[in-house]
Amino acid sequence: MMKSVFTGCGAYLPQRKVSNEELAKTVDTSDEWIVARTGICNRHIAADDEMTSDLAYAAAVDALASAGMAASELDLIVLATATPDQTFPATATRVQARLGVAGIPAFDVQAVCSGFIYALAVADNFIKAGQARNVLVIGAETFSRILDWEDRTTCVLFGDGAGAVVLRAEANGDAGDRGIMSTHLHADGRHHDKLYVDGGPSSTGTAGFLRMQGKEVFRHAVANLASVVREALTANNLQADAIDWLVPHQANKRIIDHTAKKLKMPTEKVVLTVAEHGNTSAASVPLALNEAVSDGRIKQGDVILMEAMGGGFTWGAVLARW
Ligand code: UT7
């Protein structure tokens, strides 16, 4: 059986940073409210001519460089996004064309904020099945394009960005005990109306805007994340103190605090980027991962627990040794 080992990661954030104070000039909100309710201070917003594929490509190039791998060595690209450049083709194919690796499979995964966790699970299964050796997994979003900038209950929460990792197949044991230990995915489509976009090619013919019942999403996020984190630990016969780093989806600091508290994890072991990135949906976990790897917090051999919850509802976790 093959194992998926992380060999590199990368990220890209659009240059334009928008603070709470700047938002408060055009929306009926305040820095105090946003910080107290979410922990968000800033978010990055893509330039008018920047698309999700541009962000994804930049993160991919960064990840390949950190892996010391040429794009030509890849044999699969999986890209998680809920904000593709176009309805079709998959944004992954646009990234593939720019990387100059025609021929290998490339496709998108759509699980909104859980997208990167889903994409990692898909990539891991390709590797375990022996169908891929070197896989580029990307989470990339331009949520600024689907926000109703007059709805203060949603527009202050999200940002744009991209993160990526490179996975390499290693025969079990060849990379010590490094690699993905297990993946855990869930969905419950009965909760559609609590978090969705009110448009789409088959309904309105427009891109639509994000709609959310924040309190309801919060309530389910706290419960589902606690449950999937427990599931990941139980599957590996581990206690929470075996985790070196919690790398959570960055939607709201209060949700993250709740998960950390359930795990009895001190805040020093939680990677937090929500203050500077806001919620970047499928990009948030790889962006956080990249930050903690780049600044030397996450080291080879560390046990990391990644988790996310999003529209659908979808939720999941990946336990891995970096
Ligand atoms: O990544 C996908 C998953 N998404 C999430 O995990 C998001 C989950 N939900 C949340 O993070 C929180 O529910 C929010 C941050 C969205 C909202 O926080 P809350 O503590 O649940 O606030 P609320 O929705 O109950 O609103 C409280 C008050 C309301 O006023 P009234 O009705 O009490 O007078 C809102 O109208 O805050 C008001 N409000 C705002 N005030 C200033 C809502 N948005 C804003 C705003 N600025 N931006």
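Each residue takes its place number in the sequence, starting with 1. Order of appearance sets the numbers: ligands from 1, and atoms from 1 within every ligand. For the numbers below, each heavy atom of this structure counts, side chains included, while hydrogens, waters and symmetry mates do not.
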Write out the residue and atom name of the closest protein heavy atom to [atom], then the distance separating them to 0.1 Å.
atom                    : value
atom 16 (C) of ligand 1 : Leu157 CD1, 3.8 Å
atom 2 (C) of ligand 1  : Cys113 SG, 3.3 Å
atom 28 (C) of ligand 1 : Trp33 NE1, 4.2 Å
atom 35 (C) of ligand 1 : Arg152 NH2, 4.0 Å
atom 20 (O) of ligand 1 : Arg37 NH1, 2.8 Å

Residue [X] vicinity, atoms of ligand 1 by number, heavy atom under 4.0 Å:
X      : answer
Thr29  : 42 (C), 46 (C), 47 (N), 48 (N)
Lys215 : 13 (O), 19 (P), 20 (O), 21 (O), 22 (O), 23 (P), 25 (O)
Ile255 : 6 (O)
Thr38  : 15 (C)
Ala251 : 1 (O), 5 (C), 6 (O)

**Message:** Under 3.5 Å between any N/O of Gly214 and any N/O of ligand 1: does that happen in this structure?
**Reply:** yes
**Request:** Flag Asn252 as yes when one of its N or O atoms lies below 3.5 Å from any N or O atom of ligand 1, and as no otherwise.
**Result:** yes
Under 30°, 30 to 60°, or over 60°: which ring-plane class applies to [X] and [Y], parallel, tilted or perpendicular?
X      : Y      : value
His186 : Trp315 : parallel
Phe6   : Trp322 : parallel
His191 : Phe313 : parallel

Salt-bridge contact [X]-[Y] (side-chain N to carboxylate O under 4.0 Å):
X      : Y      : answer
Asp148 : Arg211 : yes
Asp54  : Arg98  : yes
Arg133 : Asp75  : no
Lys128 : Asp124 : yes

**Fill in**
The reported gap from CD in Glu307 to NE2 in His249 (rounded to nearest 0.5 angstrom) is 9.0 Å
Quick one: does ligand 1 sit under 4.0 Å from the side chain of [X], the backbone, both or neither, non-hydrogen atoms only?
X      : answer
Val27  : neither
Arg254 : side chain
Ile34  : neither
Asn279 : side chain

Under 4.0 Å from [atom], can you find at least one protein heavy atom?
atom                    : result
atom 37 (O) of ligand 1 : yes
atom 14 (C) of ligand 1 : no
atom 33 (O) of ligand 1 : no

**Complete:** Nearest non-hydrogen contact to atom 7 (C) of ligand 1 from the set His249, Gln213, Arg219, Met212 belongs to Met212
**Selected option - heavy-atom contact closest to atom 5 (C) of ligand 1, from Val217, Thr154, Thr153, Asp31** = Val217
**Prompt:** Is the side chain of Lys264 donor-acceptor paired with the backbone N or O of Ala240 at a distance under 3.5 Å, no angle test?
**Reply:** no
**Message:** Yes or no: does Val112 have any heavy atom under 4.0 Å from an atom of ligand 1?
**Reply:** no
**Request:** Consider ligand 1: state whether an atom of it lies below 4.0 angstrom from any non-hydrogen atom of Val156.
**Result:** yes
Crowded around [X] [atom1]? As in, over 12 foreign heavy atoms under 6.0 Å?
X      : atom1 : result
Glu22  : CD    : yes
Lys262 : NZ    : no
Asn237 : CG    : no

**Prompt:** Hey, any chance Phe107 and Leu74 share a hydrophobic cluster, counting ILVMFWY side chains that come within less than 4.5 Å of each other, even indirectly?
**Reply:** no
**Asked** Does one hydrophobic cluster hold both Leu246 and Val303, with members joined at side-chain heavy-atom distances below 4.5 Å?
**Response** yes
